[in-house]
Amino acid sequence: MGVVPLPQVSRRWLRYTIALAIFALLLLYLYHRSQRGLSGCGSGAQPCVSEGPPPSQILQQWGALEAPERGEPPCLGPRGMLGRLVRPFRASLSLDGDVELSQYLAGWRELIKFLTPFGSIFTFATSEAFTKVTALEARVHGPEAAHYKTLVTMAAWERRAGRLERPGAAPPDSARSSGSRTALLLHRALRWSQLCLRRVATGAHRGPSAGEQCSDAYSAVLGPHHPWLVRQAARLAFLSFPGRGRLLELACPRTTEAEARAALARAAATLEEVYNRTQGLLAERGLLQLA
Ligand SMILES: *[C@@H]1O[C@H](CO)[C@@H](O)[C@H](O)[C@H]1NC(C)=O
């Protein structure tokens with residue numbers, strides 16, 4: 001008669017149960033946050049801002065469509081996943097060294113669309129991003145829109161108007177945080193996305209998996225700013241991260257691996273350019289300590 005090694009089995013079940021409990025708590029926490037975020041938009045059924053860019057902007061974008069460069073994979077072209085994401089981010093970099101907020105947010109919308117199908121960790125990181133993009137869009141298109149054209153005008157105006165939080169002091173209600181603070185949180189999430197995508201694009205076949213690379217980027221960039229519970233849930237979520245091949249296939253379907261890697265690396269480089277500029281502007285204004 002075989003003896004079932006009960007202690008071991010139950011230890012495993014205990015681990016599963018704890019993991020599930022943490023995950024359930026995280027979902028509850030995110031649900032709660034998103035409800036609070038939504039309530040910032042006033043009387044319920046009306047969304048804060050209309051979906052997508054205004055018609056004039058769409059026309060501009062159509063006007064600016066160029067045929068993809070010769071030999072460029074379709075995913076970087078006007079209809080490709082990466083192309084749609086790179087274009088508004090590039091357009092947000094204005095010639096005078098500023099960052100145009102409406103283009104930056106349009107880029108973020110595309111980034112979220114791109115990242116969401118990758119699984120729970122992206123949904124988890126981006127549902128927060130989604131709330132923040134919506135909150136900042138409400139300002140960019142709201143009654144004070146004139147002050148929210150660029151990162152520089154926003155920061156200057158919020159400082160003059162006394163809207164900036166004290167450094168390190170989170171506002172009691174995140175839906176009411178200043179535009180500058182919301183931009184800072186998005187800025188960090190952009191860094192994580194950029195590092196994650198670049199590492200996926202350049203990682204060696206025998207090196208760490210895509211999940212490990214993006215998990216490391218999470219620990220370096222976002223982890224230090226997240227509560228313990230969220231960090232644990234993130235670690236668990238990274239276990240179900242898709243493999244490099246699947247990520248490349250989603251980013252750049254129907255092409256060779258080398259081409260997909262090159263395209264993803266280019267998209268990551270654009271995100272880095274936007275990150276670098278935003279980082280400089282926020283640092284010059286002492287805004288990196290806002291949250
Ligand atoms: C961003 O800044 C870093 C550090 O200053 C630099 O090494 C990197 O080349 C910059 N990236 C881009 C795309 O400009």
Side-chain angles (χ1 to χ4, degrees), residues 61 64 66 68-69 71-73 75-78 80-115 118 122 125-126 129 132-133 150-152 154-155 180-204 207-208 210 213-225 244 247-248 251-252 258-291:
Q61 282 181 6
E66 301 142 25
E69 279 167 36
E72 195 176 54
C75 62
L76 272 176
M81 187 54 112
L82 296 178
R84 285 205 311 267
L85 145 71
V86 158
R87 209 163 319 108
F89 272 123
R90 235 182 237 147
S92 76
L93 298 170
S94 61
L95 291 176
D96 59 358
D98 206 341
V99 174
E100 264 186 54
L101 288 177
S102 69
Q103 293 287 357
Y104 180 80
L105 293 170
W108 253 110
R109 285 232 171 249
E110 293 298 328
L111 183 60
I112 290 170
K113 272 191 224 161
F114 171 53
L115 297 180
F118 288 176
F122 282 121
T126 58
K132 293 183 185 93
V133 168
T150 73
L151 195 65
V152 170
M154 170 177 74
S180 305
R181 181 172 183 277
T182 307
L184 171 64
L185 298 174
L186 278 175
H187 171 64
R188 281 191 201 128
L190 187 74
R191 177 60 158 176
W192 171 68
S193 313
Q194 175 250 316
L195 287 176
C196 171
L197 297 182
R198 188 181 69 198
R199 290 175 187 181
V200 168
T202 58
Q213 290 181 310
C214 292
S215 177
D216 286 350
Y218 172 85
S219 307
V221 177
L222 293 174
H225 303 285
R244 193 182 317 279
L247 282 164
L248 290 171
C252 219
E259 222 169 33
R261 279 180 180 254
L264 193 59
R266 273 176 60 182
T270 300
L271 297 188
E272 187 178 1
E273 236 177 284
V274 174
Y275 172 84
N276 278 5
R277 183 176 294 187
T278 312
Q279 174 77 3
L281 293 172
L282 292 173
E284 280 164 23
R285 286 159 185 76
L287 294 177
L288 292 174
Q289 283 79 43
L290 266 190

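Both ligands and their constituent atoms are indexed starting at 1 by order of listing.
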ask   = Just by modelled atom types, is the Asp98 backbone N or O under 3.5 Å from a matching donor or acceptor in the Ser94 side chain?
value =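 Yes; at least one donor-acceptor contact below 3.5 Å.
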
inquiry  = Determine whether a donor-acceptor pair (N or O, by modelled atom type, separation under 3.5 Å) exists between the side chain of Arg266 and the backbone of Ala262.
reply    =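 The answer is no, because no donor-acceptor pair under 3.5 Å joins these two groups.
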
Between ligand 1 and the protein, which N/O pairs fall short of 3.5 Å?
from	atom 1	to	atom 2	distance (Å)
ligand 1	2 (O)	Asn276	OD1	3.3
ligand 1	2 (O)	Asn276	ND2	2.3
ligand 1	11 (N)	Glu272	OE2	3.3
ligand 1	11 (N)	Asn276	ND2	2.9
ligand 1	14 (O)	Asn276	ND2	3.4

Check whether any side-chain heavy atom of [X] lies under 4.5 Å from a side-chain heavy atom of [Y], and answer yes or no.
X	Y	value
Met81	Cys252	no
Pro208	Arg199	no
Thr150	Tyr104	no

ask   = Side chains of Gln213 and Arg244: do they bring a donor and an acceptor to under 3.5 Å?
value =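 Side chains of Gln213 and Arg244: pair found under 3.5 Å.
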
